[in-house]
Trainee: 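Okay, handing you the structure first.
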Amino acid sequence: MLRRLDRPVFSPGTPDASASTLGNLPQWDLADLYPAIDSPELQADLTEVASDCAAFEEAYRGKLAGILDAADAGSQMALIVARYERIEDRLGRLYSYAGLVYSGDTTDPVRAKFYGDVQEKLTDASTHLLFFTLELNRLDDAKMEAALAAPEFGKYRPWIDDVRAEKPYQLEDRIEQLFHEKGVPSRSAWNRLFDETIAGLRFDIDGQNLPLEQALNLLQEPEEEKRKAAADALAKVFGENLRLFTLVTNTLAKDKEISDRWRGFEDIADSRHLANRVEREVVDALVSSVHAAYPRLAHRYYKLKAKWFGKDKLEYWDRNAPLPKVETRTIGWDEARDTVLGAYSTFSPRMADIARNFFDKSWIDAGVRPGKATGA
């Protein structure tokens, strides 16, 4: 599912200095999605998916209620959902490819432009699909239940149930369209600004100019001086960008507050609970249990760790430090791969076979390099 960016326009960047101790780290290969950002295959899919979305709206908008009255409603609805599923699959493929290309180097203007262009085209195309789930939620419950009795439509029940769970919070069609079209130039744009800013930050540590991931890794160094130097550099650079990060956070928080208020969510976390299909009470019980366990787990552990370091109180740069007098070693890539696949195989050989594809087909991008998006 992933492709190596070895075309001349893309430089893979400076490899992680630790790569020599870790072994041959893979850089992902996106060819199983598309050959390149300017490939005819990708351009054809962008054109076709836009046409498919428009044709889907033309074929079914305002007609679902009538279809549900037909004698073969279940069969007809199954064909419609299957058609919708194929379109969504192609949209997801395009968006995934663009996102993965971009995340390989968020500071590269060529990748950034490609990502933005694809985002805009897919937003325009998918606007034609908005009516479908909104209209599904306006259908008569009894008639929908009768149609779901057909096996070919009944297999989609979990998805239908998820869609209908959104019903109390959906808005009038034009407002939903407005929210959808504003997503890229508003909320997504602020997230992208944050990601590109983070990826572009550099931290001066002991004469080295390091990106975020390498700077964070130094917080796990055995030597306290190195950990403290890294922590000081991180605090300095983050402090210099505090105004920007504050603006991004506050803007996103207000954007969410507006959306939640219009949709009728009572609590700030309710939309997330709905997306995760979990009840608020379950999450609140988990949070309360974790908070109650702080004194006997986290607090006690940090007190013990401070004692092991010979300190009255643990410094924040010691939080992730290896324990003193405990041998540590570097785990190479090959050993890590074998450990992961062995764990999968013990649980399920089939899952191990699926996971092995990610290693064999270079669907993993393991190294650290400037510009690469942080996190998973």
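Note that this is a predicted model, so its numbers are computed, not measured. Along the sequence shown, residues are numbered consecutively beginning with 1. Reckoned from all heavy atoms, side chains included, excluding hydrogens, waters and symmetry mates.
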Trainee: Check which hydrophobic residues are tied to Phe265 through side-chain heavy-atom contacts below 4.5 Å, counting indirect links as well, and list them.
Mentor: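 Other cluster members: Tyr169, Leu274.
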
Trainee: Given side chain to side chain contact (heavy atoms under 4.5 Å, CB included), test Met144 with Leu148 step by step and report yes or no.
Mentor: CA-CA 6 Å; Met144 178 67 83; Leu148 285 167; 4.1 Å; yes

Trainee: Please find the pair of heavy atoms, one from Asn209 and one from Arg202, that lie closest to each other, and give the distance.
Mentor: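 Shortest heavy-atom separation between Asn209 and Arg202 comes out as OD1-CB, 3.2 Å.
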
Trainee: Name all pairs fulfilling the side-chain hydrogen bond (donor to acceptor under 3.5 Å, both in side chains) condition that reach into residues 151-161, sequence neighbours left out, sorted by first residue then second.
Mentor: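 For residues 151-161: Ser75-Glu152, Glu85-Tyr156, Glu145-Arg157.
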
Trainee: Is the closest basic N to carboxylate O distance between Asp117 and Lys113 below 4.0 Å?
Mentor: yes

Trainee: Report yes or no: is the cationic atom of Arg192 (NZ for Lys, CZ for Arg) under 6.0 Å from the centre of the six-membered ring of Tyr102, at an angle within 45° of the ring normal?
Mentor: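 Yes, a cation-pi geometry.
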
Trainee: Linking directly or through intermediates, with side-chain heavy atoms under 4.5 Å: list the remaining ILVMFWY members grouped with Leu286, chain and number order.
Mentor: Val290, Tyr294

Trainee: Should Asp206 and Lys226 count as an ion pair when the cut-off is N to O under 4.0 Å?
Mentor: no

Trainee: So with a 6.0 Å cut-off around CD of Glu266, is the heavy-atom count from everything else above 12?
Mentor: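 It does not: Glu266 CD has 12 such atoms or fewer within range.
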
Trainee: So that I can tick it off, tell me whether Arg356 and Asp353 are bridged by a salt bridge, with the cut-off set at under 4.0 angstrom between side-chain N and carboxylate O.
Mentor: yes

Trainee: Considering non-hydrogen atoms only, spot the tightest contact between Ile67 and Met77 and give its length.
Mentor: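 Looking at all heavy atoms of both residues, the shortest contact is CG2-SD, 4.0 Å.
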
Trainee: Is Arg61 salt-bridged to Glu57, going by a charged N under 4.0 Å from an acidic O?
Mentor: yes

Trainee: Does atom CD1 of Ile258 have more than 12 heavy-atom neighbours, drawn from other residues, nucleotides or ligands, at distances under 6.0 Å?
Mentor: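 Counting neighbours around CD1 of Ile258, more than 12 heavy atoms of other residues, nucleotides or ligands fall under 6.0 Å, so yes.
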
Trainee: Measure the acute angle between the ring planes of Phe132 and Phe56, then classify it against the limits of 30° and 60° as parallel, tilted or perpendicular.
Mentor: perpendicular

Trainee: Can you name the residues that form a side-chain hydrogen bond (donor to acceptor under 3.5 Å, both in side chains) with Asp338, not counting sequence neighbours?
Mentor: none

Trainee: Does CD in Glu58 sit with more than 12 non-hydrogen atoms of other residues, nucleotides or ligands closer than 6.0 Å?
Mentor: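 Check fails, neighbour count at 12 or below.
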
Trainee: Is a donor from one side chain sitting under 3.5 angstrom from an acceptor on the other, for His180 and Ser126?
Mentor: yes

Trainee: For residues Pro222 and Arg227, report the shortest heavy-atom separation together with the two atoms involved.
Mentor: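 Shortest heavy-atom separation between Pro222 and Arg227 comes out as O-NH1, 2.9 Å.
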
Trainee: For the residue pair Tyr115 / Glu120, report whether a side-chain donor-acceptor contact shorter than 3.5 Å exists.
Mentor: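 No pair is found: no donor N or O on one side chain lies under 3.5 Å from an acceptor on the other.
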
Trainee: I need the full list of side-chain hydrogen bond (donor to acceptor under 3.5 Å, both in side chains) pairs touching residues 129-141, with sequence neighbours left out, sorted by first then second residue.
Mentor: Asn137-Gln170, Arg138-Asp173, Asp141-Arg164

Trainee: In plain terms, say whether Lys254 and Glu257 are close enough for a salt bridge, that is, a side-chain N and a carboxylate O under 4.0 Å apart.
Mentor: yes

Trainee: Between Glu213 and Arg369 (salt bridge meaning N to carboxylate O under 4.0 Å), is one present in this structure?
Mentor: no

Trainee: Does atom NZ of Lys311 have more than 12 heavy-atom neighbours from other groups under 6.0 Å away?
Mentor: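 Atom NZ in Lys311 is crowded, with more than 12 foreign heavy atoms closer than 6.0 Å.
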
Trainee: Would you find more than 12 non-hydrogen atoms of other residues, nucleotides or ligands less than 6.0 Å from Asp312 atom CG?
Mentor: no

Trainee: Is there a side-chain contact between Tyr344 and Val340 (heavy atoms, below 4.5 Å)?
Mentor: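 Yes, close enough: below the 4.5 Å cut-off.
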
Trainee: Tell me the closest heavy-atom pair linking Arg83 and Ala59, and the distance in Å.
Mentor: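 What the structure gives for the nearest pair is NH1-CB, 4.1 Å.
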
Trainee: Might you confirm whether atom CZ of Arg261 has over 12 heavy atoms from other residues, nucleotides or ligands at distances under 6.0 Å?
Mentor: yes

Trainee: Can you pull the salt bridge (charged side-chain N to carboxylate O under 4.0 Å, His left out) pairs that have at least one residue in residues 323-336, sequence neighbours excluded?
Mentor: Arg329-Glu335, Asp334-Arg337

Trainee: Does the side chain of Trp363 pick up a donor-acceptor pair with the side chain of Asp32 at under 3.5 Å?
Mentor: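 Per modelled atom types, Trp363 and Asp32 side chains form a pair under 3.5 Å.
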
Trainee: Tell me the closest heavy-atom pair linking Asp204 and Ala233, and the distance in Å.
Mentor: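 Minimum heavy-atom separation between Asp204 and Ala233: O-CB, 3.8 Å.
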
Trainee: Heavy-atom distance under 4.5 Å between the side chains of Val283 and Asn276, does that happen here?
Mentor: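 Counting from C-beta outward, Val283 and Asn276 never come under 4.5 Å.
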
Trainee: Taking all atoms of both residues into account, what is the closest heavy-atom pair of Leu171 and Trp262, and its distance?
Mentor: CD2-O, 3.2 Å

Trainee: Within the supplied structure, the quantity of interest is the number of heavy atoms (other residues, nucleotides, ligands) at a distance under 6.0 Å from Arg277 CZ; does it exceed 12?
Mentor: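 More than 12 heavy atoms, drawn from other residues, nucleotides or ligands, come within 6.0 Å of this atom.
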
Trainee: Any salt bridge linking Arg280 with Asp270? Criterion: basic side-chain nitrogen under 4.0 Å from a carboxylate oxygen.
Mentor: yes

